[in-house]
Amino acid sequence: MATQTLPAKRTGKAGSTLFLKTVMAVSGLIFVLYVLLHMYGNLKVFWGEEAFNTYAHHLRTIGEPMLPHAGLLWVIRVVLIIAVVAHVYSAAQLWKRANAAREQKYAVKKAVAASFSSKWMRWGGVALLLFVIWHLLHFTIAKINVGSGGQGSEITQNPYQLVVHSFGAWWMVIIYLLALAALGMHLHHGIWSASQTLGFTNTPQQRKIAKTVAALVALVVAVGFALPPLFILFGVID
Amino acid sequence: MNLTLKIWRQAGPNADGQLVTYPVSNISEDMSFLEMLDVLNEELTAKGEEPVAFDSDCREGICGMCSLMINGEAHGPEVTTTCQLHMRSFRDGETITIEPWRASAFPLVRDLVVDRSAFDRIIQAGGYISVNTGAAVEANNLPVPKVKADRAFDTATCIGCGACVAACPNASGMLFMGAKITHLGELPQGQAERDSRVVSMVNQHDHEGFGGCTNIGECAAACPKEIPLDVISQLNADFRKAKNHA
Amino acid sequence: MTDTQGLIDDMYRLGDPIADTKAPTDVPIEQRWTQAKFDNKLVNPSNRRKLSVIIVGTGLAGASAAATMGEAGYNVKAFCYQDSPRRAHSIAAQGGINAAKNYNDDGDSTYRLFYDTVKGGDYRSRENNVYRLAEVSTNIIDQCVAQGVPFARDYGGLLDNRSFGGVQVARTFYARGQTGQQLLIGAYQAMERQVAAGSVKEYTRHEMLELIVVDGKARGIVARDMVTGEIETHVADVVVLASGGYGNVFFLSTNAMGCNVTATWRAHRKGAYFANPCYTQIHPTCIPVSGDHQSKLTLMSESLRNDGRIWVPKRKEDCDKDPRDIPEEDRDYYLERIYPAFGNLVPRDIASRQAKYMCDEGRGVGPMVGDFRRGVYLDFSDAISRMGEAAVKAKYGNLFDMYARITGEDPYKVPMRIYPAVHYTMGGLWVDYDLETSIPGLYAVGEANFSDHGANRLGASSLMQCLADGYFVLPNTIRNFLAEGPFEEISEDHPAVVEARQSVESRIDKLLSINGERSVDSFHKELGNIMWEYCGMERTDEGLRKAIDLIRSLREEFWRNVRVLGSANTLNQSLEKAGRVADFLELGELMCIDALHRRESCGGHFRAESQTEDGEALRHDDQFLYVGAWEFAGEASGGPGAPVLHKEDLVYKSIELKQRSYK
Ligand SMILES: Cc1cc2nc3c(=O)[nH]c(=O)nc-3n(C[C@H](O)[C@H](O)[C@H](O)COP(=O)(O)OP(=O)(O)OC[C@H]3O[C@@H](n4cnc5c(N)ncnc54)[C@H](O)[C@@H]3O)c2cc1C
Ligand code: HEM
Ligand code: HEM
Ligand code: SF4
Ligand code: F3S
Ligand code: FES
C-alpha cells in the first residue's frame, strides 16, 4: 500500500570537503613526485660539478627540438604552480571550515592517536611555502650567493658552484635542515593521508602499507635532501 | 574515593558558561561514571542547587545517548561509552574535567547536553535503502558473501554517539558517515543508491557545519564501537567513483 | 471465591465483560488475517494526504509504523523523548528475533511458532492475534534484509539461525548480540527516508504528557518540548502509542533510564483499559546490584547457563569468603539438586525464583546491599577445565568482557555473580484484533500493548511482535478507522484540547511548587523496592496488600514532599523524572491490585498460594482463563479510585490447554 520511491535530490560534488581533500591529495602527490625527482637531481652533486650541471642543463634541453628550450621545465613549473595554488587554496578552505566547525574550544583536550606530524600539517605547510619562496629567490630567480666567493657570475650562473658556496654558510644549512624536517613531517602524514583520501586504504593491511610507505618516503626525502648540504658544510664536497 | 570535578555549567544555548568545581566524596569504584554524577546531582538537589544536566538512556553502551568529554577524552580513558566507564579507571584525589561535546554542528542545549540531530539529517540525506514495506523479496534470494556481511556488520555497530566528532580536531563527522556508507555499500541491497547516497550524505555533512577530515585518526581511537579508519577511506573511494548521483 | 468478593468491595469493582469483535472468526484461523486484510476498508491514496497520524514512540514498533504509514502517504508525526529516534530502548535487545521461516527444515511452521508462543505465554494470550503474529513473522525477515539489516550469515551467504529460549527448532535470526540495534537502525532509516520525503515529521526530545479525547475519540496529544519547556498540542485523526514497556516501575530493571509508563498511563486515565498489568518478566542472568547508587541493571545472555554452574555456599558463614576457597562439599548447586532433569537450564522464572529464595535464606553472595547479599555464583571453572579457557573465550568472550568491565572482576578466575532483574512487561493497553484500544482512534503497538505474549514472553518474540505490529498489522487495520475520514477539524481552542493542555500545565506547576525535602529519585527507589519485594518474583496476598498501603502512603508523601528544582521552560531532567515517577506511583498500585486479584500462578506471575507440591506454578484455568482489563474509575482522595475490572474470556479452539512441568 505504499507510494513511489522519490528520486534523490540533485547534489553536486565540487565544493564539498571531500572534493577539496581530493584536490589536496592530488596536488600533494604531484609535489611528492617533484621532490623525489629533485632530490635525485641534487644527489648528483656527489658525482661532481659536471654531472650536476649537465643534469641541470639537460633538464632544459629535454624534448628539444619538439619542445622549445626549457619547455619541459616550464611544463613542470606550470603544473607545480597550479598544484601550489590548488593545494594552498584547499588547505585554506579546509582550515577555515575546521575552525568554524568548533567555535568553542575545549578547556582540556588530549590527543590520543594523532601523530606529531599530523598536528603540524597546516603550520608546517605554511613553513614549507615560505621556504619555497625563499628557495626560489635563492636558487632560481635572484640567484644570490650567500656564502663565500661573492656574486660573480662564475658562481651565481653555475648551479653547482652556487649550491656549494651557499651551503658553506652554516646558518643556511640550518634553514634547509629545518625546512627538510618540516617536509619530512608533511610527507610522513601527507602520503598516508593522500592514500586514505583517495580511498586506497580500505583494509587494515592497506592502511599499514600506506603508513609504512609514507614514513619511508618521508625519511628518504628528508635524508636525501639533507646529504648534499651537510657534506658541503663539512667540506667533504667542495 | 574523593574527587574534584570541574564541570561545564551553562544554563542554555545563549547563556554564558563556565567550568564549576565540585568536590565529591565517598565514591565507590564500582560506580559507573554516570552513577557518580547521579550522586553529585542528589547532593546538589539536597543543597537546593540545580542538578547538572547530562544525557543518558540505556546505560549499557548501546543507545549512544551518553556523551561527555572527560579529561579531554571523548567517553573518557577507556574504549567504551561513558555509561560503561567505571570509577575504578580513576585515582583517588584526581581532578576530572567534564565538558560537553564541542562542535558547531552539535549546538549546546544545557550544561553537558548537546543537540546531535545533525546526524539524523545526514541519514535523511540518503543513509538508507529505499524499500517500501511489503516490497521485499524473499530474504534468502539475496545471498551475501560472509566477508562482506561481516564488514557490513562491523560498521553497522555505530551507535551514533558523536564521540568521533567530539574527538576530531576538525570536528569532522567522517567516521560516522564512513560507517554508514560501508555498512550499506557492502550489501547487494545497497548498490542501487550507492552513488547518490554518498554524495548527498557528504553534502549534508558539510551543510551541517562539520569540518573536513585530515586523517588524524582521533575519531577511531575515541569510537566506543571501534569503527576502524578504513571506513573513511571507503567513503572517499565511493565518493570519488560516484557518477550517478543525479 | 468468597475472598475475591471481599476484594471487590475493597480494591476494585467488576465491570461488564469485554471481547474482541474484530477478528473474522467465521473463517478458519489460518485464513483470518487474509480475510481481515480484505475486509478492512481501503483509503483512497489521494485522501491519505489529508489524514494525519500521531505516533508516540520510535522504537521497533513506532519507527516501523511511522515508516510504513509515511510510505503510504499519510501525514505522520512521530514523537520520542530521546534526542534521536534511533535511541529507543529496542536498541538494547540482544538475543534475536523469531520467524517461522523453517530454513533449517527442522519442522518449524507458522502453526508451531503460534503453538510455542501460546504455550510459552502459559495460555493467557489471544489465539487470533498470536496466529497472525506467527504468520507475518516471515515477512519481517524479508523486509529487514531488504533494508540492509546485517543478520548473521553462514559461509554460503545465507541467513543463519539459532535456537533460543528453550524451543526445539532453530528459528531465531540474530545479528551477533545486537539484534535489536540492527533492527531498529533499519526501521529508523526507513523512517528517516520518509522524513526526507516530507511524509513523516519527527519530534525528538518531546514527551507526551496527555491524550486529547474529543467526543470519545482520541484526537491528539499534549507534549512538552523538553528543550524549551513549551507545552505543545498536536491534533490528528488518529493516535498510536508505541511507547514501550513499564519495567522501570521497579526502579532497577534492564530498561533504559527514560522508559516510562506516562504515555499509556495518561491514555488509561482517559479511558483506555490497561490489561494484565501484573505480568512482568524477570530475567535470571543479570549482573547483580553492587550498591545503593546503582541506576540500572545489565542483562547477560541466558546462553551462559548452558555451560556455567549455579551455586551458593551451603553455610551462611561462607558467604563472604573467596568462592575459590570454598570446597566442593560446601557448595550447594541448588538448581541441579532441585531439578535434576533440567538442572541449570530450568526456565527463566524458576531460575529467578530459586535465586531469590537462596538470597532470602541469607546464602546470597557478593557485596551487602541493604541488609543482605543479592547474588549467586555462575561458575565456569568446570567448563574451563573441560573445554579449555580458549574455547570458553570463543563462546562467551564478549559476555565475560562486559562482566569484567562492569564488576572489575575476572570471570575466568573468579566465578561470576548473577541475580534476576525485571526485564519485560507483558501487560499493557488492552487492544483488539485491530490493535485499537478501548478508546476509538487510539491504537497501541509493541510492548505498550498487552496483546501477544500472555503471561510470559518467549525469548526473541518481542522484537517479532513490535515489527509485526508496526510494519504489517497496524497499517492494515488502521485503514478501517481512517477510511471513515476526513474527520472534523479540531481547533487548538476546542474545550477538550484546552482542558488537556491546562491539566498538563497545572501538574507541572504543582510539581515545581511543592519544593519539599526528598528528591525524585529517592521516591522512585523506594517505590522500586516495594514493587520488587511484594510484586516481584513471588507474590502473596498479604504482601500485595501491604504493598498497596505502602504505595498509597508513598504517593501521598510524594505530592507533599518531593523536591523538583529549576523551571518549567528549560531542559529540566528532574521535572521529567518527577512526572514519570508520579505515574509509576499510580501504576504500581494497579499492578498490585491485578496481582492480588489473580489468585493463580501463571507465567511471570507467581502467587505463593498457588503452586504444586514441587513448587511449580499452578494455573487455575477454571477461574482465571481471561484477560484482566482495567478501567480507570476516576480520582478518589489522593489517587485513582477503585478501578473496574473487565474480563475478556480467552477461548482456545486451535490449541489444547496444558499445565507445564520441568521436573
Ligand atoms: C536488555 C533487553 C534485551 C532484550 N532482548 C530481547 C531479545 O533478544 N529479543 C526480543 O524479542 N526482545 C528482547 N527484549 C524486549 C524488546 O527489546 C522490547 O520489548 C521491544 O524492543 C520494545 O519495543 P517498543 O517499540 O515497543 O518500545 P521501545 O523500543 O522501548 O520504544 C519506546 C519509544 O517510545 C518513546 N516514548 C516512551 N514514552 C514516551 C513519552 N511519554 N513521550 C514520547 N515518547 C515516549 C521512546 O522515546 C521510544 O522511542 C529485550 C529487552 C531488553 C530491555
Ligand atoms: C601553504 C602551504 C601549505 C599548506 C597550508 C599545506 C597544508 C596541508 C594540509 C593541511 C595537508 C593535509 C591534508 C590532509 O591531511 O588531508 C596537506 C597535505 C599535503 N601536503 Fe601540504 N601544505 C602546504 C604546502 C605543501 C608543499 C609545499 C608540499 C610539498 C612539498 C606539500 C605536500 C603535501 C602533500 C604530499 C600532502 C598530502 C596530501 C593529502 O593529505 O591528501 N604541501 N598540506
Ligand atoms: C638541500 C636541498 C635543496 C637543494 C640543494 C636545492 C637546490 C635547488 C637548485 C640548485 C635549484 C635550481 C635548479 C635550476 O634552476 O636548475 C632548485 C630549484 C627548485 N627547488 Fe630546490 N633544492 C633543495 C630543496 C628543495 C626542497 C625541499 C623543495 C620543495 C619543497 C625544493 C623546491 C624547488 C623548486 C620548486 C625549484 C624550482 C624549480 C624550477 O626551476 O622550476 N627544493 N633547487
Ligand atoms: S563512529 Fe563511533 S564514535 Fe562515531 S558516532 Fe559511530 S559509534 Fe560514535
Ligand atoms: S579524527 Fe578527524 S581528521 Fe579525520 S580521521 Fe578522524 S575525522
Ligand atoms: S547511555 Fe546508552 S550508550 Fe551510554
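Chain naming here is simple, since letters A, B, ... match the order of the sequence lines and numbering starts at 1 in each.
- Under the 3.5 Å distance criterion, the side-chain polar atoms of A:Tyr106 are matched with a main-chain donor or acceptor of B:Arg102.
- Annotation: side chain of A:Thr17 is in contact with side chain of B:Met174 (closest heavy-atom distance under 4.5 Å).
- Considering every non-hydrogen atom in both B:Ala171 and A:Ala101, the closest pair reads CB-O, 3.4 Å.
- In this structure, chain B has heavy atoms under 4.5 Å from both the backbone and the side chain of A:Thr201.
- In terms of non-hydrogen atom pairs under 4.5 Å with chain B, the most contact-rich of A:Gln93, A:Arg97, A:Glu103, A:Lys110 is A:Lys110.
- The most heavy-atom pairs under 4.5 Å with chain A, out of B:Gly211, B:Ser233, B:Ala237, come from B:Ser233.
- Panel note: side chain B:Asn236, backbone A:Gln196; a donor-acceptor pair is recorded below 3.5 Å.
- For A:Lys105, the part sitting under 4.5 Å from any heavy atom of chain B is the backbone (N, CA, C, O) and nothing else.
- Atom NZ of A:Lys143 is surrounded by more than 12 heavy atoms from other residues, nucleotides or ligands within 6.0 Å.
- Only the backbone of A:Ala100 has a heavy atom closer than 4.5 Å to any heavy atom of chain B.
- In plain terms, the two heavy atoms of A:Arg102 and B:Val165 that are nearest each other are NH2-O, 2.8 Å.
- Shown here for A:Phe19 and B:Phe239, the closest heavy-atom pair between the two residues is N-CE2, 3.9 Å.
- By number of non-hydrogen pairs under 4.5 angstrom with chain A, the leading residue of B:Cys168, B:Gly17, B:Ala74, B:Ala105 is B:Cys168.
- When each of A:Gly15, A:Ser118, A:Ala107 is checked for heavy-atom pairs under 4.5 Å with chain B, A:Ala107 comes out on top.
- Atoms CG and CG, from A:Leu18 and B:Leu235 in turn, are 5.0 Å apart once rounded to the nearest 0.5 Å.
- Around atom CH2 of A:Trp170, no more than 12 heavy atoms belonging to other residues, nucleotides or ligands sit under 6.0 Å away.
- The minimum heavy-atom distance between A:Arg207 and B:Pro228, with the atom names listed, is NH1-CB, 4.2 Å.
- Enclosure of atom CZ in A:Phe46 by more than 12 non-hydrogen atoms of other residues, nucleotides or ligands within 6.0 angstrom is indicated.
- Contact of B:Arg197 with chain A is not made at all, since no heavy-atom distance falls under 4.5 Å.
- Proximity of B:Thr182 to A:Asn202: side-chain heavy atoms (C-beta onward) are nowhere separated by under 4.5 Å.
- Here the side chains of A:Met121 and B:Thr214 are not in contact, with every heavy-atom distance at 4.5 Å or above.
- The shortest heavy-atom contact between B:Asp206 and A:Ser16 is OD2-CA, 3.1 Å.
- Counting heavy atoms of neighbouring residues, nucleotides and ligands inside a 6.0 Å radius, atom NE2 of A:His135 exceeds 12 of them.
- Looking at B:Met69 and A:Lys109, their side chains come closer than 4.5 Å, going by heavy atoms from C-beta outward.
- Side-chain contact check for A:His189 versus B:Asn215: some heavy-atom pair is nearer than 4.5 Å.
- In this structure, B:Leu108 and A:Gln104 have side chains that are not in contact, with every pair of non-hydrogen atoms separated by 4.5 Å or more.
- With a threshold of 4.5 angstrom between heavy atoms, B:Glu218 approaches chain A through its backbone and through its side chain.
- Between B:Asp230 and A:Gln206 there is no side-chain heavy-atom pair separated by less than 4.5 Å.
- Both the backbone and the side chain of B:Leu229 come within contact range of chain A, judged by heavy atoms closer than 4.5 Å.
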